[in-house]
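Inspection log for the structure reproduced underneath, given as structure tokens.
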Amino acid sequence: MTSLKLHSLLGGALAALLLTAGARAQGAEKSAPEPRRSWTIRAERIHTVSGQVIEGGLVRVENGRIAAIVPGGKGGDLSVHTITPGLIDLSPDISLGLSAVEEDREVTPEMHLTDALNLYSTRFGRELASGVTAVLLSAPDNNVIGGLAAAVKTGGPELLSARLLKPDAVLSGAFGSAPSRFNSPAFGRPQGLFNRRPTTRMGVEWEARKAFYDALFALEDKREHPGSRELQAVLRGDLPLMLQASATQDIRTALYLKEEFGLPRLIVSHAAEAWKEPEILQRSGAALVLPPFAWNGTTAVDRGFMAWNTPKLLDELGVVFALSGRGSADPDARLALQPAFAVRGGLAADKALAAATLVPARLLGIDDRVGSIEVGKDADLCLWNGEPTRFSSAVVGVLLSGELVKDPR
Amino acid sequence: MSLTLLCAPLAALWLHSATAGEPAGAAQPAAAQDFAIRAAHAATGDGQHLANVLILVQGGRLAAIGTGELPPGIEVIEYPGWVTPGFVAAWGRLSHPAEDETTSPFLEQLDLLPGFDPHRPDVAEALRVGITTLLPATNPTSVIAGTMPPVKLAPGPAGEVQRLPLPALLLSMASPAVNRGRAPTSYSGLVLALDQRAADPAGRLAEAKAGRLLVSIDVEERHEVQRAIDWSATHGLRPLLRGATLAGEQIASLQAAGVGVVLPPFGLGASGRTLDALVALSKSRVPFAFGYGSEASFRLPLAAALARGADRPALERALWGGAAKLIGADARVGSLRAGLDADLVLWSGDPLDLSSRPERIYVGGREVYRAAPLLPSQPPKSPRLGVPTGNKHAR
């Protein structure tokens with residue numbers, strides 16, 4: 001695969017040379033040469049996100065890391081309109097399937113999603129081609145508390161060691177109708193061996209609160225049960241809790257849970273209707289992941305309604321939020337389009353871009369490696385043919401760990 | 001003693017049995033006895049070929065290959081075809097009652113051997129392919145299916161099961177092992193459950209770590225292969241990965257982990273990608289073996305892979321010596337080497353040529369199978385046999 005990628009980027013003559021080298025050595029894996037990871041890229045505009053926008057400059061990449069950002073300058077291996085950091089999606093359109101969620105119980109905080117990843121999924125390549133270089137992968141929303149979600153890069157060898165940014169980045173769960181969907185009450189027909197609860201939103205909330213109370217009791221009694229350690233880490237603030245909640249009532253439930261247990265780090269994902277509860281939201285200090293914008297405002301989870309000016313409103317309230325790409329009615333409206341939509345709704349361009357790069361990186365605690373263009377960080381870069389927050393622009397090139405995985409030429 | 005070199009193999013065989021005073025029918029297996037085979041060709045099972053080889057069988061074992069004086073008075077079978085060891089299949093789905101044990105997905109204490117009956121007709125079918133040793137498959141929905149040693153596909157002289165010493169602990173990390181019928185329903189839950197069992201110092205996995213059990217893990221897709229590699233590395237295990245169809249696309253990982261793979265039976269419709277993966281695997285240093293699915297399809301992918309440029313010695317090791325090593329039975333079977341069990345197959349031609357067939361099979365020096373005679377000198381009566389009849393009007 002690597003040699004195929006190289007084929008497209010190095011052009012005919014060099015590719016022919018590589019092919020003959022490959023044939024000589026036999027066995028593609030042995031002969032696959034290391035991809036080129038050092039580049040000098042010129043751009044009319046460099047959005048560092050963490051610092052200034054540089055009008056006309058070079059980004060030098062050496063051995064997969066950003067080595068220098070030089071204002072002005074000439075030449076370079078590649079020339080594009082704009083460079084931004086690679087996009088980071090906390091709710092990507094990568095389905096892991098039911099084999100990634102342990103359904104024999106409703107609360108399974110001890111499950112590691114790293115054990116259920118399928119890095120061979122073709123969805124990774126599609127995300128990468130659209131400019132998303134890192135994603136958070138959580139268990140499907142069938143469980144109230146699904147387990148420990150993992151932050152991974154979207155490209156590179158299909159090995160955890162090569163792709164993992166943070167194994168247990170957040171504890172993920174879901175409120176709303178998802179964890180009770182398909183579950184039937186005790187008098188109904190069981191769905192299988194497990195007559196699963198909860199069957200209502202009340203039950204979902206009860207399960208979550210019980211889980212945290214159990215964790216507190218376990219702490220008091222100095223004993224352990226499966227998942228108690230992870231929940232205690234959430235209570236201490238060592239681990240963020242990310243709960244999916246889209247409708248107003250579910251967002252309220254999530255925010256009240258944060259207040260009840262004093263959870264220091266709560267992220268509400270797919271928070272479409274958060275704008276309807278500005279006061280509780282502001283008071284709680286929770287961060288949000290917004291679903292992708294939809295033409296009529298109706299989003300995928302529980303048909304939560306998100307107005308176009310939601311990001312602007314949240315910004316005025318001082319609420320931290322990230323944009324995301326999963327669940328859009330339009331399969332092409334993934335993360336790369338969302339900053340433009342947010343700007344359309346009145347948000348400042350730099351904040352819109354940060355909400356797809358640095359903000360999600362900070363929420364996961366991976367901003368030491370990715371999320372902005374700074375010397376020493378991984379060279380995960382998006383190359384655009386125009387201003388990223390304009391609808392007429394597109395991601396034309398992508399660098400992942402310095403490797404040119406999508407060639408703008 | 002018959003030393004006459006005869007051109008027609010069947011005539012030679014007939015002569016042999018006539019001189020030995022045995023009935024030609026294989027209903028009553030012959031007793032183990034000492035004899036010698038002089039064959040025109042031999043594949044040693046380690047990737048080498050020999051011509052005009054002389055094999056001495058004494059006490060059910062291979063006593064000498066190629067050289068040495070024959071003891072006086074010993075019977076010599078003159079065979080113009082090929083002689084090879086019996087195939088070693090490291091995975092095989094036989095109708096084995098214990099395969100379907102579903103009381104729990106964790107059956108580490110279950111001994112699967114009593115469920116194996118060497119008298120069943122599907123065992124004889126697998127034997128007819130030329131397979132003499134096989135490590136059976138188990139119920140893929142069991143995370144831990146139990147322990148099972150490799151077995152010979154023929155009953156012993158008293159009708160008993162013939163097993164090989166090292167049993168395997170059979171695990172599954174394939175998708176059927178995670179299903180919504182019971183826990184675990186997810187790969188995360190499966191890994192966690194196996195982690196807990198691996199931490200038990202008195203458990204079966206501890207025995208495996210100590211080398212008293214072979215560990216075999218069923219896998220299907222590539223991410224499952226990688227998960228099994230990662231999990232095994234965490235616990236210091238070097239398992240045999242069974243069912244890895246596309247292992248040839250993961251050579252670097254497999255090589256780094258130092259584990260071997262067993263390809264599942266491909267069936268009749270193996271895709272080009274599957275065959276290319278097999279070709280790549282044959283050119284790598286990853287040890288591998290084949291699985292048995294049905295009588296009709298066992299040798300098909302081999303021939304197809306050879307046609308696509310697979311490394312022939314590697315394929316031969318995967319059928320014989322390498323496979324035996326993978327299932328921990330190489331001290332007993334898998335090669336033409338003095339001291340090993342006399343599990344031999346006499347082939348009408350090159351065993352990797354689909355037009356060849358096993359004509360006689362010996363297990364432990366005892367003849368357990370004899371093919372019904374073809375009548376090569378007469379033209380087939382029915383054109384459906386696919387042999388040109390010479391009749392132009394038949395088209």
Side-chain angles (χ1 to χ4, degrees), chain A residues 1-2 22-23 25-32 96-106 108-122 124 137-140 142-143 146-150 157-164 167-168 172 182 190-194 196 226-227, chain B residues 102 104-105 141 173-196 219-231 233-234 245-257 276-277 279-286 309-311 314:
Chain A
M1 224 168 87
T2 327
Q26 288 186 340
E29 299 210 31
K30 273 179 277 176
S31 66
L96 297 166
L98 288 175
S99 54
V101 56
E102 186 59 36
E103 288 190 87
D104 66 317
R105 280 165 293 135
E106 296 73 31
T108 53
E110 73 278 21
M111 295 295 159
H112 299 267
L113 200 85
T114 42
D115 291 334
L117 284 182
N118 175 5
L119 293 175
Y120 291 91
S121 164
T122 52
F124 284 104
L137 293 173
S138 328
N142 300 43
N143 278 6
L148 297 156
E158 288 92 351
L159 299 168
L160 271 180
S161 53
R163 290 205 184 176
L164 210 53
D168 302 328
S172 78
F182 309 127
Q191 292 296 313
L193 202 62
F194 312 116
R196 265 171 75 81
Chain B
T102 52
S104 158
T141 65
M173 294 178 83
S175 56
V178 289
N179 66 67
R180 297 179 90 195
R182 81 287 179 274
T185 74
S186 69
Y187 291 115
S188 308
L190 176 119
V191 169
L192 215 60
L194 284 176
D195 280 345
Q196 283 163 3
V219 286
E220 284 167 10
E221 294 184 31
R222 289 172 298 167
H223 67 99
E224 293 170 348
V225 171
Q226 194 55 51
R227 187 173 298 112
I229 289 175
D230 292 346
W231 178 80
T234 311
T245 314
L246 294 174
E249 296 181 6
Q250 293 175 284
I251 287 165
S253 274
L254 291 164
Q255 225 157 252
D276 285 344
V279 172
L281 195 62
S282 77
K283 291 176 177 173
S284 74
R285 292 194 305 276
V286 176
D311 182 50

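Letters A, B, ... mirror the listed sequences (proteins, then strands); counts begin at 1. These figures come from a predicted structure and were not determined experimentally. Computed over heavy atoms, backbone and side chain alike; hydrogens, waters and symmetry mates excluded.
The CD atom of Glu221(B) sits 10.5 Å away from atom OG of Ser121(A), with the distance rounded to the nearest 0.5 Å. Atom NE2 of residue His223(B) and atom OG of residue Ser99(A) lie 6.5 Å apart, to the nearest 0.5 angstrom. Taken to the nearest 0.5 Å, the CZ atom of Arg105(A) stands 9.5 Å off from the OG1 atom of Thr185(B). We find the CZ-OG1 distance between Arg227(B) and Thr114(A) to be 9.5 Å, quoted to the nearest 0.5 Å.
Comparing Ser186(B), Gly189(B), Pro184(B) by how many heavy-atom pairs each has under 4.5 Å with chain A, the most go to Ser186(B).
Here the closest heavy-atom approach between residue Gln226(B) and residue Glu158(A) is recorded as CG-O, 4.1 Å. Residue Leu192(B) comes nearest to Glu110(A) through the heavy atom pair CD2-CG, 3.3 Å, listed as atom of the first residue, atom of the second, then distance.
For the pairing with Asp230(B), the side chain to side chain contact (heavy atoms under 4.5 Å, CB included) check across Leu160(A), Leu159(A), Asp115(A) returns one residue only, Leu160(A).
Listed by chain and residue number, nothing satisfies the salt bridge (Lys or Arg N to Asp or Glu O under 4.0 Å) test with Glu220(B) (two or more places apart in sequence, or in another chain). In this structure, His112(A) has no ring pair (Phe, Tyr, Trp, His ring centres under 6.0 Å) partners at least two apart in sequence or on a different chain.
Contact of Arg222(B) with chain A is made through backbone and side chain together, with heavy-atom distances under 4.5 Å. Using a 4.5 Å cut-off between heavy atoms, Leu117(A) touches chain B through its backbone atoms (N, CA, C, O) alone. For Asn142(A), the part lying under 4.5 angstrom from a heavy atom of chain B is the side chain only.
Counting only heavy atoms from C-beta outward, the side chains of Tyr120(A) and Gln250(B) approach each other to under 4.5 Å.
Of the possible polar contacts, none joining the Ser188(B) side chain to the Val101(A) backbone as a donor-acceptor pair under 3.5 Å is found.
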